[in-house]
Every structure is written in C-alpha cells, then in structure tokens.
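Structure, as structure tokens:
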Amino acid sequence: MIRRKSGGQEPDGVLEEAAFFGTFFTLLSKLSPDANKALFKAGVELYKSFGYTTAQEGRASAGSVSTMSAVAKAGGLDIDVVAYPDIAVDPGIIKAPLLSRSYAQRFRIGGAKVTLDGSPQGKTAWLTKPYFKVPEDRRPTTGVMRSSRTTRPTASSISPSRTAGSCWPM
C-alpha cells in the first residue's frame, strides 16, 4: 500500500511492505555486482557497530546469496552471516554446500524463509491477540487483527514435495 495524504491521491511518503519491496527489489536488480557487494559489506559494518557477531538475512534471494557467498569466499567477512532464502521464490538455492549447520568462510544458508500470512512488522500477520498499538489506518478489534486477505492461509500452501525429507529448518 502507498499511503496518501488525507482527502487526495498525493503520496504521504510511506510505502508499506508490499509496495516498498516491489520498488526496492526493482532498484536492487539494477545495481552492479560490485555495488551489491559494497552494500552488503556496509550492512555487515553496521551490524558490527552495534556489537553483533552474527548477522541474519531473513529473506534472501538467489542474487543476494551469490553476493554474500562471493564476499565470504574472498575473505571479506569478520562476523558470521546466515541467510534464509525465500522458499517460494528461490527453492533451488537451498542446498548443500551452503545449506549447512557449519559456516564456510563465515557464511551459510541456515534454512528457508516461509511466509504463510503476512508479517508482524507490516501489521498484516495473523495473530491470536490484537496488536498492542493499532496502526493509524486500521480500526481497533476485540479479536484477531486480520490482514487484507480474505482467506486464512494454511500450511498446505507450501508444497510438501519441497519440504518433505529436505531437513530445512523453518
């Protein structure tokens, strides 16, 4: 959703998750491999500045895994980085040798990202209790705060053939 100023169509500057990620991934796809590596290294430096010794990429793409792996192979990591590729987008990259409980040059794939309903950050996830602070554009509820979806997703949304016997942490 692109939030709009009251009474009109002019954007107010807020892109909610779905609108943001579409724009963001389009922009990232235009960056060169060197620019992607620089962006990744800057992220690692930010994690380190807060004292973290492990960073997590919670919805990695094939391209970002390739970038992270290349930086690791070049000896460019001094903290551990674990990635979770989106199973619905890039299931083919969730495999050994990068899918491992052990790091290779401080990088590994730790499992798969699974999205069944939404996200807590975007206030679209299915919950058993209402959000503590209701977003401005949503009305308070006495039950479960629901996303804009009309049907509740189920675990069967993910193909059992993709997960059965794969040993993917979810």
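Annotation: the span from S69 atom OG to Q105 atom CD amounts to 8.0 Å, rounded to 0.5 Å. Note: T54 OG1 to Y47 OH = 10.0 Å, rounded to the nearest 0.5 Å. Atom CG in D86 sits 4.5 Å away from atom CZ in R59 (nearest 0.5 Å). The line from OG1 of T53 to CZ of R106 is 8.0 Å long, rounded to the nearest 0.5 Å. Note: K113 NZ to T115 OG1 = 4.0 Å, rounded to the nearest 0.5 Å. Note: S64 OG to I93 CD1 = 6.5 Å, rounded to the nearest 0.5 Å.
The two residues I79 and A55 have their closest heavy-atom pair at CD1-CB, 4.0 Å. In terms of heavy-atom proximity, Y103 sits nearest to R108 at CZ-NE, 3.5 Å. For the residue pair L31 and A35, the shortest heavy atom distance occurs at CB-CB, 4.0 Å. Looking at every heavy atom in both residues, D90 comes nearest to P85 through O-CB, 4.5 Å.
Between D12 and R4 there is no salt bridge, since no side-chain nitrogen of the basic residue lies less than 4.0 Å from a carboxylate oxygen of the acidic one.
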Can you check side-chain contact (heavy atoms from CB on, under 4.5 Å) on L39 and L28, steps first, answer last?
CA-CA 10 Å; L39 190 61; L28 284 183; 3.7 Å; yes
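A tilted orientation is assigned to the rings of Y52 and F50, their planes being inclined by 30° to 60°.
Side chains of L98 and F107 form a contact here, defined as non-hydrogen atoms less than 4.5 Å apart. You'll find the side chain of V82 stays beyond 4.5 Å of the side chain of I109, heavy atoms only.
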